[in-house]
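Working notes for the structure below.
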Amino acid sequence: MNTTVEQVRNEYGLNDFKPLWLGKLNVRPDMCDFEEKKRTFYQFNSRMMVCAHRGDNNNLYPENSLEGTESVLLAGADMVETDVHLTKDGVAIIMHDPTVSRTTDAENYLGKPGFPESDSICDWTFEQIRALRLRAADGTVTNCLVPTLMDQILLCKDRAFLTLDKHNEFDWDRDIYPLIQKADAYETVLIPYTYSPARAREITEKVKADSGKQIFYFANARVVPADYGDHGPIRKAIADLQAAELPVCLRGSVRGYDKEHDAQWAEKAQLAAEAGGKLYIETLARETDFEENWRRIIEMGCGYLMGNKIYEHLALLSELYPAY
């Protein structure tokens, strides 16, 4: 029997979930409208969309926990970034590291009867993983379970996009697409950005044939500081997307707070705009992840932002865009 979202909510204790930000964050119903999110994804010159890095990422809940995912979904996040690894018996789970030591209480189980001596996820069965509990940012062991990817997909379905990282750890056709089919979540899970536009086109056509629905994608444009003076990589990414007849959505990054390079970033955003598209920007480093920087990225015309301060991102959206 296929798992349902109701079963997921019950298993993780989410039926009566009240986020820790309740009463402190202004959330409007329109910020949680998935139909609006789908309309906005490819729409040039629209509002900024924001992605929750590892879900809540230890702001209020453990990273890559379903509690953290539920919290950011209720707050209005447009996307949730999550990390995927496979257990010994082939179950896709949500965890950033390839090992269980940093984020769980695995030290209580390692080498004990019925548990492996190795902390590598690939040496643990899903049943063994299920005994673990996630740690909070300060190392405190919580009651949060390690989620499966399927549970994450069901929780995000019809609410927000889900973008998958650690692409070398899974096979799309074997490990991911069957879950999307079971969950009927074709519009929820994004095609991994590391996949070429040609591969993305193949997946797009298969999804359309299987379901009649659209699957979304932004390409890895390799827009990094090393390319500041060179627009060749972004021009090639645009050309590849156009050749594949896909919208021009490009993924870049900001590794340092470098106002002196604003002109080059603006030029890259303009190149995407001229092709009818926009840039997805990450500000994961501490020196880039603050409001002044987010505002300048928005002013440059970039369309997506992922950082580690999701609730502050959402508060800024609420301020800048009174109505979606």
Side-chain angles (χ1 to χ4, degrees), residues 1-14 54-57 61-70 80-136 141-157 162-186 188-192 194-195 199 203 206-207 210 215:
M1 184 176 67
N2 291 337
T3 303
T4 66
V5 67
E6 290 78 14
Q7 291 170 323
V8 170
R9 299 187 68 85
N10 184 61
E11 183 173 10
Y12 290 85
L14 298 176
R54 303 184 200 174
D56 175 277
N57 197 26
Y61 300 94
E63 66 178 64
N64 282 318
S65 65
L66 242 60
E67 290 81 356
T69 295
E70 179 69 2
V80 178
E81 186 266 358
T82 199
D83 305 285
V84 180
H85 290 277
L86 298 180
T87 64
K88 184 177 181 179
D89 48 347
V91 178
I93 65 165
I94 305 305
M95 190 170 290
H96 177 270
D97 302 355
T99 61
V100 294
S101 292
R102 179 181 66 87
T103 56
T104 77
D105 59 346
E107 73 278 3
N108 296 328
Y109 299 90
L110 284 169
K112 301 289 179 62
F115 291 91
E117 295 184 0
S118 164
D119 68 348
S120 295
I121 293 172
C122 61
D123 292 327
W124 288 62
T125 65
F126 177 63
E127 183 180 0
Q128 292 166 337
I129 289 283
R130 210 55 163 174
L132 304 178
R133 295 297 180 270
L134 294 173
R135 291 187 180 278
V141 177
T142 70
N143 290 323
C144 298
L145 298 168
V146 177
T148 68
L149 175 59
M150 185 60 167
D151 292 345
Q152 178 85 316
I153 290 172
L154 287 168
L155 197 62
C156 290
K157 180 184 174 182
L162 185 61
T163 179
L164 310 181
D165 205 356
K166 304 296 178 287
H167 312 121
N168 294 330
E169 300 299 321
F170 59 76
D171 178 270
W172 176 269
D173 295 321
R174 181 194 66 202
D175 305 316
I176 309 300
Y177 194 59
L179 302 183
I180 294 173
Q181 290 179 300
K182 288 180 182 177
D184 187 21
Y186 300 96
T188 298
V189 182
L190 304 184
I191 299 172
T194 56
Y195 289 10
R199 173 65 171 136
I203 294 173
K206 179 169 178 55
V207 166
D210 290 347
I215 189 169

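Side-chain atoms are counted along with the backbone in the values below, which use heavy atoms only and exclude waters and symmetry mates. Nothing fancy with the numbering, it's 1 onward along the sequence.
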State the [atom1]-[atom2] distance between [X] and [Y], to the nearest 0.5 angstrom.
X    : Y    : atom1 : atom2 : answer
S120 : D97  : OG    : CG    : 11.0 Å
L154 : T3   : CG    : OG1   : 7.0 Å
M95  : R54  : CE    : CZ    : 11.5 Å
I153 : M150 : CD1   : CE    : 6.5 Å
L179 : T148 : CG    : OG1   : 8.0 Å
D175 : L86  : CG    : CG    : 4.5 Å

For N64, which of D56, T69, T82, N57 qualifies under side-chain hydrogen bond (donor to acceptor under 3.5 Å, both in side chains)?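 Among D56, T69, T82, N57, the one that satisfies the side-chain hydrogen bond (donor to acceptor under 3.5 Å, both in side chains) with N64 is T82.
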Over all atoms of both residues, closest heavy-atom pair of [X] and [Y]:
X    : Y    : result
I215 : Y186 : CG1-O, 3.4 Å
L162 : C156 : CD1-SG, 4.2 Å
T142 : A136 : CG2-N, 3.9 Å
A131 : Y109 : O-OH, 3.2 Å
P147 : Y12  : CA-OH, 3.2 Å

Quick one, K88 with D123, criterion side chain to side chain contact (heavy atoms under 4.5 Å, CB included). Give me CA distance, side-chain angles, the key distance, then yes/no. CA-CA 5 Å; K88 184 177 181 179; D123 292 327; 5.6 Å; no
So for atom [atom1], which belongs to [X], do other residues, nucleotides or ligands contribute more than 12 heavy atoms lying within a distance under 6.0 Å?
X    : atom1 : value
Q181 : CD    : yes
E117 : CD    : no
K166 : NZ    : yes

Would you call [X] and [Y] a side-chain contact if the rule is heavy atoms closer than 4.5 Å?
X    : Y    : value
Y177 : K206 : yes
H85  : P98  : yes
E11  : L66  : no
L110 : W124 : yes
L134 : V146 : yes
I94  : L149 : yes
R102 : E63  : yes
K157 : V5   : no

Would you call D173-R199 a salt bridge at under 4.0 Å N-O?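 Salt bridge between D173 and R199, a charged N being under 4.0 Å from a carboxylate O: yes.
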If the threshold is 4.0 Å, N to carboxylate O, is there a salt bridge linking D105 and R133?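 No, D105 and R133 are not salt-bridged.
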List the steps, then state whether side chain to side chain contact (heavy atoms under 4.5 Å, CB included) holds for T125 with T87. CA-CA 5 Å; T125 65; T87 64; 5.8 Å; no
Would T4 and R9 count as a side chain to side chain contact (heavy atoms under 4.5 Å, CB included) here? Give the steps. CA-CA 9 Å; T4 66; R9 299 187 68 85; over 6 Å; no
Measure the acute angle between the ring planes of Y195 and W172, then classify it against the limits of 30° and 60° as parallel, tilted or perpendicular.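 Y195 vs W172 ring planes: perpendicular.
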Hey, is the main chain of G114 close enough, under 3.5 Å, to the side chain of Q128 for a donor-acceptor pair?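 Checked: pair present.
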